[in-house]
Amino acid sequence: MKELSPLQIERLKYQPKLPSQLRHGVNGLNLKLGAATESVRDQEQIKKLFPNTYGKPVVSYETGAEVKAEKKNVGVILSGGQAPGGHNVIAGLFDALKQSNPENKLYGFLGGPSGIIDGKYIELTSEIIDRYRNTGGFDIIGSGRTKLETEEQFQKAWENCKKLDITGIVIIGGDDSNTNAALLAEWFASKHAGIQVIGCPKTIDGDLKNDQIEISFGFDTATKTYAEMIGNILRDANSAKKYWHFIKLMGRSATHVGLEVALQTQPNITLISEEVEHCEMSLSQIIDYIADIVVKRAEMGKNFGIALVPEGLIEFIPEFKKMIANLNDVMAKVENDEKYQNAPLRERFSIIEGMLEADNAKVYASLPELIKAQLSMDRDPHGNVQVSKIETEKLIIEMLKTKLAQLKKEGKYNGKFSDQCHFFGYEGRCAFPSNFDADYCYSLGFNAFVLLKFGLTGYISSVKNLSEGADKWVAGGVPLTMMMNMEKRHGEYKPVIQKALVRLDGPVYKVLMENREKWALEDKYLFPGSIQYFGPSSVCDITTETLRLESQAKLVGAK
Ligand code: FBP
């Protein structure tokens, strides 16, 4: 029996690249401070909530004289949904920590943020780390979505850190998990606990980004994985010429994944949630848009095609957005209501309908029971609707069939419509990290330790200039509060890291707009194939179109 696949064996040997700046060694760097910062919005409220960590400067480094480092134990947490490269963040953190002082220890808290509260951990040794280098998944220590916010949780975390003499914590996560990191950093600072907290930008959704964070890790590998699968389906559709494929793609809110994959594969239809919201498109207008393309293609004898549907679409359709915001408040009220909790499903629907405002109740009532049930499921611990469980693609197909039947009756459509639906999400979250993600993640983890070594807290590890080769990447740190604003969660306004949505005035969306009509009717499909780890740099080291186009636009803007 084999213990490892041939690819696993080869990937374990891969040596990730670091920015040349960090190759000088952890103990040979000096800190460079930038100007003081402000939160992206709601400055007064955020400043009040984070009196100890607000307004700090962005930091970077310059090389200096080698200085012997004090001993420092660090705890690491993987948080939220899996993203390719998490293991390399831990490997980079481990290598930097041991390089700084071989007596340093790295502890991994198990099962996400709950590990630090419950005191569940393992010491991460080189024997363990070496088994996980350049592999996908978060299974080295597991992950979870526990929200850190109560005094009791923070106290327990402090007790558990004291037991292990931990003075630094690294939280690897998305916007919600880095919000956890900011809250924990502030709490420790307020208690003068001497424990620092650093975040790392993870999420396949690609929505944790700003001027300082060019991309979250995992986006590169996940989109390449989905693009491979979609390329294969495009070829299948083009060969059999009998199905319309509707593919829902992950990305809880923003449509970065859908947009990137569209540019990599050029399918017939790509829905962009941000555009739907901006143009105030109703669900029936979305169906009309799709039906129009189905009809035109049928007139050309093409009863097949591919449509990409973003996972978060439903929350961006204005009538649904309004209804869901109202529904979230209702759900927060019925969470501990015994009558509701014990009621059968249909009765729950009527309880909800009765509590919604009149026009929202109408929208809710118009939905098929399946979607009603999916929308009424528990929110995640951060108060988000679990959009991965809402079958928007099925809702669209059902409405489209009705529309096409009506068009047929009116003599406006004479084609055949046969559908297949897919949901690509989990397939891409644990793939072997691409060379880009392997290098980026290793650098983020290595850099997280450098930030800890300089005594910083409430920062996120940042590695910039990513469209260049790794030797030209620039490492530093960004205050977490700089990325925050106030948003309603579980019925209350809370400080959270702002999500970056697709910019409709941005260069990536522009490419879609320029080509959309052509891609709808002519078949300009691209077949990206699988991620390549070995071979020519032109296929192994290519980054995403999103990163390439955004970096290009930044350069032009700077001139
Ligand atoms: P993160 O924001 O934690 O990175 O997770 C993103 C995501 O992959 C979304 O794309 C998806 O909606 C969600 O996780 C699914 O969550 P779960 O893994 O809990 O089913």
Side-chain angles (χ1 to χ4, degrees), residues 77-87 89 111-114 136-139 141-148 171-182 199-210 213 215-226 229 247-261 273-274 308-316 324 374-375 377-393 422-431 433 437 440-441 444 460 480 483 487 489 496-502 546:
I77 297 169
L78 285 166
S79 181
Q82 286 68 250
H87 289 157
V89 180
S114 61
F138 277 10
D139 41 328
I141 50 175
S143 186
R145 289 198 185 276
T146 304
K147 170 125 188 79
L148 296 178
I171 299 184
I172 303 167
D175 52 334
D176 289 329
S177 311
N178 277 288
T179 298
N180 273 348
C200 273
K202 169 236 73 166
T203 178
I204 61 148
D205 294 359
D207 57 5
L208 177 52
K209 66 173 171 183
N210 49 49
I213 308 291
I215 193 71
S216 54
F217 79 76
F219 179 76
D220 185 89
T221 311
T223 51
K224 283 181 174 136
T225 307
Y226 304 139
M229 292 157 65
I247 306 172
K248 183 171 86 167
L249 279 170
M250 250 190 193
R252 190 205 314 277
S253 258
T255 319
H256 299 292
V257 171
L259 187 52
E260 170 63 29
V261 167
S273 303
E274 291 83 346
L308 302 185
V309 180
E311 185 184 50
L313 179 70
I314 198 145
E315 285 197 282
F316 284 77
I324 290 171
Q374 291 166 349
L375 274 172
M377 269 179 315
D378 288 344
R379 279 28 189 168
D380 80 0
H382 298 268
N384 302 305
V385 178
Q386 298 189 55
V387 281
S388 63
K389 294 191 177 153
I390 300 176
E391 293 172 295
T392 325
E393 71 285 17
H422 317 258
F423 171 33
F424 294 159
Y426 298 98
E427 294 82 349
R429 299 200 312 181
C430 283
D437 269 330
Y440 181 39
C441 290
L444 284 171
I460 189 164
L480 285 162
M483 299 154 55
E487 284 175 27
R489 300 289 171 94
V496 294
I497 291 187
Q498 192 184 50
K499 275 188 203 299
L501 300 180
V502 167
T546 306

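When reading the values below, keep in mind they use all heavy atoms of this one structure, side chains included, and skip hydrogens, waters and symmetry mates. Each ligand, and each atom within it, is numbered from 1 in the order the structure gives.
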- [ ] Would you mind checking which non-hydrogen protein atom is closest to atom 18 (O) of ligand 1, with the distance to 0.1 Å?
- [x] Arg429 NH2, 2.9 Å

Task: Taking atom 2 (O) of ligand 1 as the reference point, the nearest protein heavy atom with its distance - done: Arg252 NH2, 3.3 Å

- [ ] Select one of side chain, backbone, both or neither to describe which atoms of Glu311 lie under 4.0 Å from any atom of ligand 1, heavy atoms only.
- [x] side chain

Task: Mode of Thr203 contact toward ligand 1 - side chain, backbone, both, neither (heavy atoms, under 4.0 Å) - done: both

Task: Contact (N/O only, under 3.5 Å) between Arg145 and ligand 1 - done: yes

Open item on the list: Pairs of nitrogen or oxygen atoms closer than 3.5 Å, one from Ile204 and one from ligand 1: do any exist?
Closed with: no

Pull out every atom of ligand 1 sitting under 4.0 Å from any heavy atom of [X], numbered as shown with elements.
| X | result |
| --- | --- |
| Lys202 | 1 (P), 3 (O), 4 (O) |
| Gly80 | 3 (O) |
| Tyr426 | 15 (C), 17 (P), 18 (O), 20 (O) |
| Gly251 | 10 (O) |

Between [X] and [Y] (side chain of the first, backbone of the second, donor and acceptor by atom type, cut-off under 3.5 Å), is there such a pair?
| X | Y | result |
| --- | --- | --- |
| Glu393 | Val309 | no |
| His256 | Phe219 | no |
| His422 | Lys248 | no |

- [ ] Kindly determine whether Ile460 and Asn178 satisfy side-chain contact (heavy atoms from CB on, under 4.5 Å), including the steps that lead there.
- [x] CA-CA 8 Å; Ile460 189 164; Asn178 277 288; 3.7 Å; yes

TODO: Examine Lys202 relative to Phe217 and say whether NZ or CZ is less than 6.0 Å from the centre of the six-membered ring and inside a 45° cone about the ring axis.
DONE: no

Task: Check: Ile314 and Ile324 side chains under 4.5 Å, non-hydrogen atoms - done: yes

Open item on the list: Before you tell me yes or no, could you show the steps for Thr392 and Glu311 under side-chain hydrogen bond (donor to acceptor under 3.5 Å, both in side chains), namely the whole-Å CA-CA distance, both residues' side-chain angles and the distance that decides it to 0.1 Å?
Closed with: CA-CA 7 Å; Thr392 325; Glu311 185 184 50; over 6 Å; no

Does [X] come within less than 4.0 angstrom of ligand 1, counting non-hydrogen atoms of the residue?
| X | answer |
| --- | --- |
| Gly174 | no |
| Lys389 | no |
| Ala83 | no |

Open item on the list: With a 4.0 Å cut-off on N to O distance, would you call Asp175 and Arg252 a salt bridge?
Closed with: no

TODO: Scan side-chain atoms only and decide if Glu315 and Ser253 contain a donor-acceptor pair under the 3.5 Å cut-off.
DONE: no

